[in-house]
Trainee: 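The structure that follows is given in the form of structure tokens.
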Protein chains: 2
Amino acid sequence: MAKIHEVAKAAGVSISTVSYALSGKRTISAETRQRIERAVRELDYRPNAGARMLAGRRTNIFALTEPFRADTYAPAHMAFVLATSIAARRHDYDVLLLTEEEASAGMRRVATSGLCDAVLVLDVAPDDERVGVARQLGIPSVFVGVPDDHDGLVCVDLDFEAAAGLAVDRLADAGHRSIGLLGHPPSAYLRSNFPPRIRAGFERRARERGLDPAVELPEPGGNGSRGVAVRAAVGALLDRGVTALVLHCDDAAHHAVLDELAARGLGIPADVAVISVGSTFDTTAMHPPLDVVPLVPQASCDRAVDLAMQMLSESAPAAGVYLIAPEYRDHGSVVQPDAPR
Amino acid sequence: MAKIHEVAKAAGVSISTVSYALSGKRTISAETRQRIERAVRELDYRPNAGARMLAGRRTNIFALTEPFRADTYAPAHMAFVLATSIAARRHDYDVLLLTEEEASAGMRRVATSGLCDAVLVLDVAPDDERVGVARQLGIPSVFVGVPDDHDGLVCVDLDFEAAAGLAVDRLADAGHRSIGLLGHPPSAYLRSNFPPRIRAGFERRARERGLDPAVELPEPGGNGSRGVAVRAAVGALLDRGVTALVLHCDDAAHHAVLDELAARGLGIPADVAVISVGSTFDTTAMHPPLDVVPLVPQASCDRAVDLAMQMLSESAPAAGVYLIAPEYRDHGSVVQPDAPR
DNA sequence: TTGAAAGCGCTACCAC
DNA sequence: GTGGTAGCGCTTTCAA
């Protein structure tokens, strides 16, 4: 653990020159810079984090609150944490993890002790308790997800309404007149914020396009239930004359839907068109691969980190909801790959 | 963000007294302590993290390396991260997350910049690259998992061999003579360290008890495959005359096994006994609930954090593998709940 | 039982 | 383009 003093001595310059050379905050002659870089390399020098935090005004740390509740879908949460971490590192930031144990208290603690420069809030609930905390935090915060009460907050999220609209448009363009949404169980509509937005987008756009929309929100039941409720919901939608399904549910439910369609001898897309909306898992590995308007963790997290960085610079972005435009990925489950549109 | 100076003034004492009152490192008169505590509360004072890191020799931060690979079983990893975080907080430590992006480089970086006091290593692979890094890190590290080459390292893990042995003993005691292990796919035996240990424990204890052991390691296939390979493996084991199954596989495979047994009209435990070993998920929610020798993240992570704390104190524990004793949980899938043993 | 003051290792201001 | 140095807010001797 060499210190800046040793680097300065080795390079034959003052410590302030070393500091500036490393931060790039003032111009250094090429030759001096070379010598310093060499000394840094040879001594394996790295500025002491504590000293930096104290002297500078930056910790280079983001706190990340991710409740990690047992009842949530782990792969998606993992993907968001990973994406945030990677995005942060690109700005030379580390990530300090705050879990359920002390979601609110932890935020206050790290903020008032100056352990981080900003807080990134994941797995946002409609009535998230972290909203109130964020408002009086004293440091910037960015929500990945949109709580009901988001006045004055900076939030990032996929535009779920537009995502559902994109799916409906695609189905309308393909000639479907009656379409069904198979959504998460009703409980998810309370715990999370996007299921209602998907549903609203689905119904609104269907109306705009003159389609007949139906909605089913089956309780998936346990992992051992083989998705009977989901399969029954598919049956109910088909009985109503639906020719296309928009899925907004977990991957087990997706498989249950495909099983049910297969069991009925219905081909995709020949007999029924299927689109997955807001999924974080891979729909191309399914049989058949499904068209998808995905929820891309990287997109949301990159944007969130960018916003946090802006808030730390002079050019603070305005509070508000920053929606990410959805993207349609065609894998042939609405229109036959080689068929003319 | 009050500073220690303000607290001292408010309490009418010197800053060193405030510091000592907060750290408890020297005796303070009850009355003085009261005044200080009141001032701290009223000013919402919290020591500045950077200043503490610099002046003290502690960061109160653990780095946690968890690759978060896309191909790993997310719920288990999430559980370990959560358990580590909770254990750390109990010692007033925060957790800094290091992901795959820079597993080794990140460890070096946080260690040489003095960003953490110790490194906790999760999701350990047999040939883990972090082993070499840990050896020259300059700060303590604790592995949760046992890499092949663990000379000089401190490692914590469930005693998987004993866990498998416990399951075999239970089956032998119940009168089974021919038993089968249904394990993870072969690839897991390279990527992770415990599948081989389960298998070794299974085979050794079976030999010691004079039982006939069989092993199947089916490739589970995609989520859409409905566990055909697993079900075929069950058939293969039954064909060999096995009357009891030890499962060491993911929960989807567990369900596939139960499905296959049900499809064959075999009752548990009447016709076939089943024990799950090394699982992190809930086997009591299955049909029927399964006996289990669980892998408890909390147990491993608590121990790991304790060891890390010890390494930071004077009483450094010896390098070596700290195995956690397995625990048998009876849910009636080997011996009928109300039947006499 | 308490206080004064010397750093901890940097950053960034002020000089040159 | 470079150097000197005053803090940043604590912890921890050393003194009393």
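Throughout, protein chains are lettered first and strands after them, A, B, ... in sequence-line order, and every chain is numbered starting at 1.
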Trainee: Please name the residue in the list B/V144, B/V81, B/L98 that meets the side chain to side chain contact (heavy atoms under 4.5 Å, CB included) test with B/L64.
Mentor: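 Of the listed residues B/V144, B/V81, B/L98, the side chain to side chain contact (heavy atoms under 4.5 Å, CB included) partner of B/L64 is B/V81.
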Trainee: Look at the side chain of A/K25 and decide which nucleotide, out of D/dG3, C/dA12, C/dC10, has an atom nearest to it.
Mentor: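 Side chain of A/K25 sits closest to C/dA12.
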Trainee: So does A/R57 get a side-chain nitrogen or oxygen closer than 4.0 Å to the phosphate oxygens (OP1/OP2) of C/dT11?
Mentor: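 Answer no for this pair, as no side-chain N or O of A/R57 is under 4.0 Å from OP1 or OP2.
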Trainee: To the nearest 0.5 Å, what is the distance between CG (B/D123) and CG (B/N193)?
Mentor: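 Going from the CG atom of B/D123 to the CG atom of B/N193 covers 11.0 Å.
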Trainee: Whole Å only: how far is the CD1 atom of A/I4 from the P atom of C/dC8?
Mentor: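 Rounded to whole Å, this separation is 14 Å.
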Trainee: Under 4.0 Å between any heavy atoms, over every strand shown, what does A/S23 touch: base, sugar-phosphate, or nothing? Just pick one.
Mentor: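 The answer is nothing, as A/S23 stays clear of every strand by at least 4.0 Å.
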Trainee: Between D/dG9, D/dG3, C/dC10, spot the one nearest the side chain of A/V13, thanks.
Mentor: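 Closest nucleotide to the A/V13 side chain: D/dG3.
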Trainee: Taking the minimum atom-to-atom distance to the side chain of A/S14, which one of C/dT1, D/dG3, D/dC10 wins?
Mentor: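 My answer, after comparing the listed nucleotides, is D/dG3.
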Trainee: If you assign each of B/A51 and B/T17 to its closest nucleotide in DNA chain C, which residue comes earlier from the 5' end?
Mentor: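 Result: B/T17.
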Trainee: Rounded to whole angstrom units, what separation is found between the CD atom of B/Q34 and the P atom of C/dT2?
Mentor: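 That distance rounds to 12 Å.
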Trainee: Hey, does B/R26 reach any base, or is it just sugar-phosphate, or nothing, if we go heavy atoms under 4.0 Å?
Mentor: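 Base contact - B/R26 has a heavy atom under 4.0 Å of at least one base atom.
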Trainee: At 10 degrees resolution, what angle do the end axes of the helix from C/dT1-D/dA16 to C/dC16-D/dG1 form when each is taken over five base pairs?
Mentor: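 Angle reported: 30°, given to the nearest ten degrees.
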Trainee: Between B/R52 and D/dT11, is there a side-chain N or O to OP1/OP2 distance below 4.0 Å?
Mentor: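 For D/dT11, OP1/OP2 do have a side-chain N/O of B/R52 under 4.0 Å.
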Trainee: Is B/S19 near enough to D/dT11 that one of its side-chain N or O atoms lies under 4.0 angstrom from OP1 or OP2?
Mentor: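 Yes, B/S19 has a side-chain N/O under 4.0 Å of OP1/OP2 on D/dT11.
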Trainee: For the residue pair A/H91 / A/N60, report whether a side-chain donor-acceptor contact shorter than 3.5 Å exists.
Mentor: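 No, because no side-chain N or O of A/N60 sits under 3.5 Å from a partner of the opposite role on A/H91.
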Trainee: Name the nucleic acid region contacted by B/S16, choosing base, sugar-phosphate or nothing; use a 4.0 angstrom heavy-atom cut-off, strictly under.
Mentor: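 B/S16: base contact, heavy atoms under 4.0 Å.
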